[in-house]
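These notes concern the structure reproduced below.
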Amino acid sequence: MTITSPQLGSPSSEWTDARLLFALEEVVETELNRHLKVAKDWMPHEYVPWSDGRNFPGMFEDGEAWDKEQSKVTELGRIALVVNLLTEDNLPSYHHEIASLFGRDGAWGTWVHRWTAEEGRHGIVMRDYLLASRAVDPDKLEAFRMQHMSEGFESDNRHSMLHSVAYVAFQELATRVSHRNTGHQSGDPVCDRMLARIATDENLHMVFYRNLLKAAFELAPDLTMQAVRDVIVNFRMPGHGMPGFERAAAQMAIGEVYNMRIHHDDVLMPVLRHLKVLQIDGLGPEGLKAQEELGLYMGGLDAEALKFDEKLATRKARMAARAAAQ
């Protein structure tokens with residue numbers, strides 16, 4: 001990597017968002033070109049069971065009211081699919097956030113628009129699948145969408161480009177895991193294949209941001225370490241503001257779509273291990289403090305996840321005993 005910016009070698013305390021954006025431009029271009037070579041275009045309509053579709057009540061006289069028995073999707077799958085789709089629905093707000101932070105010009109701008117276009121497919125195919133397969137109540141889904149989008153979205157990390165890069169490096173993987181596990185729990189092979197396709201995109205997005213985060217560590221290790229600590233300690237999924245999120249998140253945790261153990265083992269640790277974040281040396285006082293605090297937090301999260309595992313195992317055993325008694 002060749003950085004021609006005059007800021008190379010400056011103390012990390014002198015780095016600003018503008019300087020980092022300039023210094024990372026070449027890395028963004030390299031990662032963008034790599035992404036375009038490995039990403040495969042796909043057609044959302046090819047993943048939708050159109051033959052299962054029929055009219056809903058409204059302008060059609062033959063419209064049939066929705067009933068959950070019309071779909072093979074499990075109750076847990078239904079809950080997770082709504083959460084995942086409402087998250088994708090807020091794409092206009094996400095685009096505004098990253099375009100404001102990263103810019104609309106050069107390699108950064110090209111990536112922002114490409115990412116948005118790819119993410120747009122996810123909302124299209126999920127909504128079409130849900131309506132064609134009658135997996136969810138269409139009226140409630142639209143009401144949730146209107147409420148969620150009307151309230152808008154503001155990222156917890158909008159104050160800092162570096163924090164935003166750190167956040168999406170983990171969030172893209174979290175989204176991949178959530179989609180993949182939702183597919184496994186959906187009870188419908190068609191749904192599983194659709195979400196596997198979406199998860200593949202999310203993984204590629206994670207790799208892009210993870211590699212960008214690696215370059216940021218090489219340029220400004222102390223600031224990047226602080227950003228990673230802040231992001232992990234205060235991590236929230238982007239859909240946290242949607243209607244009924246807390247209840248849905250609890251059900252998804254119990255159903256092992258996404259919970260503390262999955263968050264620790266399958267989202268945070270893979271990125272931290274790949275970048276060797278907890279092993280980076282040569283940090284200044286602030287970077288070293290952030291690294292130590294991050295290590296302590298991860299230890300505490302693992303301990304909390306262990307408690308959750310034990311409670312979940314107890315719950316499963318109790319449910320199995322009830323089933324056997326019946």
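For reference, positions follow the sequence shown, starting with 1.
Val228 pairs in a side-chain contact (heavy atoms from CB on, under 4.5 Å) with only one of the listed residues (Val233, Val165, Leu213), which is Leu213. No option in Tyr167, Trp115, Trp111 other than Trp111 meets the side-chain hydrogen bond (donor to acceptor under 3.5 Å, both in side chains) test with Tyr209. The salt bridge (charged side-chain N to carboxylate O under 4.0 Å, His left out) with Asp192 is formed by just one residue from the set Arg180, Arg197, Lys72; it is Arg180. A side-chain contact (heavy atoms from CB on, under 4.5 Å) with Arg34 is found for exactly one of Val38, Leu32, Thr30, namely Val38.
Taken together through direct or relayed side-chain contacts under 4.5 Å among Ile, Leu, Val, Met, Phe, Trp and Tyr, Tyr297 and Leu306 form parts of separate hydrophobic clusters. Two different hydrophobic clusters hold Met149 and Leu91 under the rule that ILVMFWY side chains link at heavy-atom gaps under 4.5 Å. By the rule that hydrophobic residues join a cluster once side-chain heavy atoms approach within less than 4.5 Å of another member, Leu204 and Met194 end up as members of separate clusters. No continuous path of ILVMFWY side-chain contacts below 4.5 Å connects Met126 to Leu131, so the two sit in separate hydrophobic clusters. At a threshold of 4.5 Å between side-chain heavy atoms, the hydrophobic network of Ile, Leu, Val, Met, Phe, Trp and Tyr places Leu212 and Leu36 in one connected group.
Between Ser160 and Leu101, the shortest heavy-atom contact is C-CD2, 4.2 Å. Between Pro221 and Leu283, the closest heavy-atom pair is CB-CD2, 3.7 Å. Residues Tyr258 and Ala174 approach most closely at OH-CB, 3.4 Å, considering heavy atoms. Heavy atoms only, all atoms of each residue included: Phe170 and Ile232 are closest at CZ-CD1, 3.7 Å. Closest of all the heavy-atom pairs between Cys191 and Tyr129 is CB-OH, 3.3 Å. The shortest heavy-atom contact between Pro270 and Asp265 is CD-O, 3.2 Å.
For CD of Glu61, the number of neighbouring non-hydrogen atoms (other residues, nucleotides, ligands) closer than 6.0 Å is 12 at most. Within 6.0 Å of atom CG in Asp105, 12 or fewer heavy atoms from other residues, nucleotides or ligands are found, so the atom counts as exposed in its surroundings. More than 12 heavy-atom neighbours from other residues, nucleotides or ligands sit within 6.0 angstrom of NE2 on His95. The environment of CE in Met43 is crowded: more than 12 heavy-atom neighbours from other residues, nucleotides or ligands sit within 6.0 Å. Residue Arg54 places its CZ atom among more than 12 non-hydrogen atoms of other residues, nucleotides or ligands, all under 6.0 Å distant.
Two residues are said to be in side-chain contact when any heavy atoms from C-beta on lie closer than 4.5 Å; Glu29 and Thr110 fail this criterion. Side-chain atoms of Arg127 and Ile124, non-hydrogen and from C-beta on, never get closer than 4.5 Å to each other. Residues Trp66 and Asp139 form no side-chain contact, since every pair of their non-hydrogen atoms from C-beta on lies 4.5 Å or further apart. With contacts defined as side-chain heavy-atom distances shorter than 4.5 Å, the pair Val27/Asn211 does not qualify. Within the 4.5 Å cutoff, side-chain heavy atoms of Asp41 are placed close to those of Arg121. In this structure the side chain of Leu173 never reaches within 4.5 angstrom of the side chain of Glu202, judged on heavy atoms. Side-chain contact check for Glu97 versus Glu154: some heavy-atom pair is nearer than 4.5 Å.
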Worksheet item: Yes or no on side chain to side chain contact (heavy atoms under 4.5 Å, CB included) for Val83 and Met237, after CA distance, side-chain angles and deciding distance?
Response: CA-CA 11 Å; Val83 169; Met237 291 294 274; over 6 Å; no
Worksheet entry | Pair Met242-Phe144, side chain to side chain contact (heavy atoms under 4.5 Å, CB included): steps then yes or no | CA-CA 8 Å; Met242 69 179 59; Phe144 284 161; over 6 Å; no
Practice prompt. Take Ser186 and Leu195 through the test side chain to side chain contact (heavy atoms under 4.5 Å, CB included) and record every step on the way to the result.
Written response: CA-CA 10 Å; Ser186 69; Leu195 292 177; 5.6 Å; no
Worksheet item: What's the verdict on side-chain hydrogen bond (donor to acceptor under 3.5 Å, both in side chains) for Ser164 and Asn157, showing C-alpha distance, side-chain angles and the deciding distance?
Response: CA-CA 5 Å; Ser164 296; Asn157 302 288; 5.8 Å; no
Worksheet item: Given the rule in the side chain to side chain contact (heavy atoms under 4.5 Å, CB included) test, do Asn203 and Glu172 qualify, once you have shown the distances and angles that lead to the verdict?
Response: CA-CA 7 Å; Asn203 196 64; Glu172 292 283 3; over 6 Å; no
Fill in: Worked verdict on Gln70 versus Glu64 for side-chain hydrogen bond (donor to acceptor under 3.5 Å, both in side chains)
CA-CA 10 Å; Gln70 296 165 349; Glu64 182 181 352; 3.2 Å; yes
Item to complete: Report the C-alpha distance between Arg114 and Glu118 in whole Å, list the side-chain angles of each, state the deciding distance to 0.1 Å, and finish with yes or no for salt bridge (charged side-chain N to carboxylate O under 4.0 Å, His left out).
Response: CA-CA 6 Å; Arg114 173 71 189 197; Glu118 291 185 2; 2.6 Å; yes
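In this structure, NZ on Lys214 lies 12.5 Å from CG on Leu219, to the nearest 0.5 angstrom.
Between Asp137 and Arg78, no side-chain nitrogen of the basic residue sits less than 4.0 Å from a carboxylate oxygen of the acidic one, so the salt-bridge criterion is not met. At a threshold of 4.0 Å, the pair Arg145-Glu142 counts as salt-bridged, since one of the basic side-chain nitrogens sits closer than that to a carboxylate oxygen. A salt bridge links Glu304 with Lys307: the closest approach of a Lys/Arg side-chain nitrogen to an acidic carboxylate oxygen falls below 4.0 angstrom.
In this structure a side-chain-to-backbone donor-acceptor pair under 3.5 Å is missing from Thr74 to Gly187. No donor-acceptor distance shorter than 3.5 angstrom exists from the side chain of Thr87 to the backbone of Pro238, with no hydrogens or angles considered. A donor-acceptor contact shorter than 3.5 Å is absent between the side chain of Asn90 and the backbone of Ser93. Without hydrogens or angle criteria, Asp302 side chain to Met298 main chain gives no donor-acceptor distance under 3.5 Å. Using modelled atom types, one side-chain atom of Gln226 and one backbone atom of Asp222 make a donor-acceptor pair closer than 3.5 Å. In terms of modelled atom types and a separation under 3.5 Å, the side chain of Gln291 and the main chain of Ile280 share a donor-acceptor contact. Within the 3.5 Å criterion, the main-chain N or O of Ala253 finds a donor-acceptor partner in the side chain of Asn259. Judged by distance alone, with hydrogens and angles left aside, the side-chain atoms of Trp42 form no donor-acceptor pair with the main-chain N or O of Tyr47 at under 3.5 Å. Put simply, the side chain of Glu25 gets close to the backbone of Ala107: a donor and an acceptor are under 3.5 Å apart.
A donor-acceptor contact closer than 3.5 angstrom links the side chains of Gln171 and Thr175. A donor and an acceptor atom, one from each side chain of Glu256 and His184, are nowhere located under 3.5 Å apart. Of the N and O atoms on the side chains of His122 and Asp201, at least one donor lies less than 3.5 Å from an acceptor on the other residue. Judged by distance alone, the side chains of His205 and Glu119 do bring a donor and an acceptor atom under 3.5 Å apart. Between His148 and Asp89, the side chains place no donor N or O within less than 3.5 Å of an acceptor N or O (distance only, hydrogens not considered). With 3.5 Å as the limit, one finds no donor-acceptor pair spanning the side chains of Ser133 and Asp52.
Because its NZ or CZ atom is both nearer than 6.0 Å to the ring centre of Phe56 and within 45° of the ring axis, Arg134 counts as a cation-pi partner of that residue.
The ring of Phe153 has its center closer than 6.0 angstrom to the ring center of Tyr94.
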